[in-house]
Amino acid sequence: MTHPGFGGAPADGPGLGRRRFLALCAGAGLGTAAACTAAPSRTGAGRLRPESERDAPGTTAWRLGPTGPPDAVSGYADRVSVTPGETFGLRVSTTAAAFRVSAFRIGWYGGAGARRIWASGRTPGRARAAPGVPAATRTVRADWPLTLPVDTTGWPEGAYLLRLEAETGHQRYIPFVVRSTDGTGRTVLLHAPATWQAYNRWGGASLYAGADGTYATRSLAVSFDRPYDGTGAEKFLTYERALVVLAERLGIPLAYSTGTDVHRDPGVLRGAHAVVCLGHDEYWTPEQRAHVTAARDAGANIAFLGANTCFRRVRLEPGEGAGDRTVVCYKSDYRADPAYPSAPARVTTDYRSAPGADPESALTGVLYEGYPVDAPYVVRSAGHWAYEGTGVRAGDGFAHLVGVEYDRVTPGAPTPGPLEITAHSPLVCEGRPSHSDSAYYTTPAGAGVFATGTMRWVEGLLAGTGELGRDHGMDARTRLFVTRTTENVLRMFARGPAARHAPPPDADPRAVYGG
């Protein structure tokens, strides 16, 4: 069934009243899929036809089976993304005699969540050697030989999960993007593989810890030439998938890309109505940041649906036989970075840090402050258009929605203006009282920029469903609030420069922080 304000059709009226909103929240087991089914159009004698890829028949069979031991089956793609019709290679290791691959495009699909676009035949399996780890940068590379070439002719643009299926029954994912080249008039979903890779522990080392678990032995550069650890797609599943499904359900024109692709070629951003950065998008190259900033300055709206965004400055370098396959970030060892001291703006450390300090708040409006935290999200500007139809009042809170990292508007940090703090959430992080802020600002070109200030925002789209195996204590009421707010932002931003369509921000940071 479809509920006003939460269904597939836009909410054109004044929005849900508070009593109606809370009544919906109280519905046992109410989920987005149950509440938001869009009706396909009819052709001929009542025959149904899909309006678009969004409405094509989907499948719930995309979910992962048992992964088994780490060597049961794993693999990686030799490209982060391709355009439709290009070929990429899969590099697979398995202890099984053979395996198959299924490619699932993530989307709405009537609530099923994915459509199977392609399936391989039976492919002989082979266990591959353990990776080597060069001493200089402690970069783990599998460098396995090509196992299976994949032709994407006929694949729609979008976010994909490739599922490796060993004959033993064990399975793992490989996340993949079939990217768009033209974003004109569209909302660009910007996936974050550099951040996925930064946290990837496969082979024993990430940008956070080495094989012995210490920071001192961490990698100084990490490679895409290796599988992801765990299920193979944990960052995508936690911080990105739910937003892709929601955006496709809304039916707004979408384009798909990654930060590493925008680093190389900003073409997809030209003429885009909006850019959406997802739940955890920490690692950016200076080129990516410059290209996204230029899109904003040309009038493209930007939504930062996470926290800790654009925090680390990285550099992309070649891998074995391919460009941009290595993510370099020396962090606190920046003096050992070969770019130091000759190219301070390229030294791979935090954007706010010397040399070449350029705090991320100049783009996002908010500044990353801390980890770990768990706190309620507290609405401040209840009349802001982003909250229309939610029924919230100033001071209303949503338990556990602020976490596990958070951002705030920080006096003294470079901040675009005019800027409005729409949520101001008290918290305590490592014994220190502070706040998390959601903020909205506009630019002279008319772009609107909205930042949630919490890393759990995209997770909140699934709160109370058990979909991710954990909810951090968030409930269905939080899910409905986050869903409606996100719908409002995506719909408004899809119309073009938000300053032309939405009320201007009530620029009041001093009312919150003084000065």
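Please read all numbers here as calculations on a predicted model, not as lab measurements.
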Practice task
Any chance you could measure Asp151, atom CG, to Thr87, atom OG1, to the nearest 0.5 Å?
Solution key: 4.0 Å
Exercise for the section: May I ask you to check whether Phe450 and Tyr440 place their ring centers less than 6.0 Å from one another? Expected result: no
Exercise for the section: Look at Glu248 together with Arg105 and state whether they make a salt bridge at an N to O cut-off of under 4.0 Å. Expected result: yes
Handout entry: Arg289/Glu287 salt bridge by N-O under 4.0 Å criterion
Key = no
Problem - Side-chain donor-acceptor contact under 3.5 Å, Gln288 with Thr285 - result: no
Exercise for the section: Before accepting this row, confirm whether a basic side-chain N of the pair Arg249/Glu487 lies closer than 4.0 Å to the acidic partner's carboxylate O. Expected result: yes
Exercise for the section: Decide, yes or no, whether a salt bridge links Arg312 with Glu360 under the criterion of side-chain N to carboxylate O below 4.0 Å. Expected result: no
Handout entry: From CA spacing to verdict: side-chain hydrogen bond (donor to acceptor under 3.5 Å, both in side chains), Ser102, Arg116
Key = CA-CA 7 Å; Ser102 293; Arg116 193 191 306 261; 2.7 Å; yes
Practice task
Using atom types as modelled and distance alone, determine if a side-chain donor or acceptor of Arg172 lies under 3.5 Å from a backbone N or O of Val73.
Solution key: yes
Problem - Basic-acidic side-chain contact under 4.0 Å: Asp350, Arg313 - result: no
Handout entry: Exam field: side chain Asn200 to backbone Trp202, donor-acceptor pair closer than 3.5 Å
Key = yes
Handout entry: Distance-only side-chain donor-acceptor flag, Thr452 / Thr454, under 3.5 Å
Key = no
Problem - Lys NZ or Arg CZ of Lys235 over Tyr228 ring: under 6.0 Å, within 45° - result: no
Exercise for the section: Verify the ring-centre separation between Trp284 and Phe311: is it less than 6.0 angstrom? Expected result: no
Practice task
Identify whether the distance between the nearest side-chain nitrogen and carboxylate oxygen of Arg315 and Asp337 falls below 4.0 Å.
Solution key: yes
Exercise for the section: Look at Glu157 together with Arg186 and state whether they make a salt bridge at an N to O cut-off of under 4.0 Å. Expected result: yes
Handout entry: Side-chain ion pair, Arg122 and Glu165, N-O less than 4.0 Å
Key = no
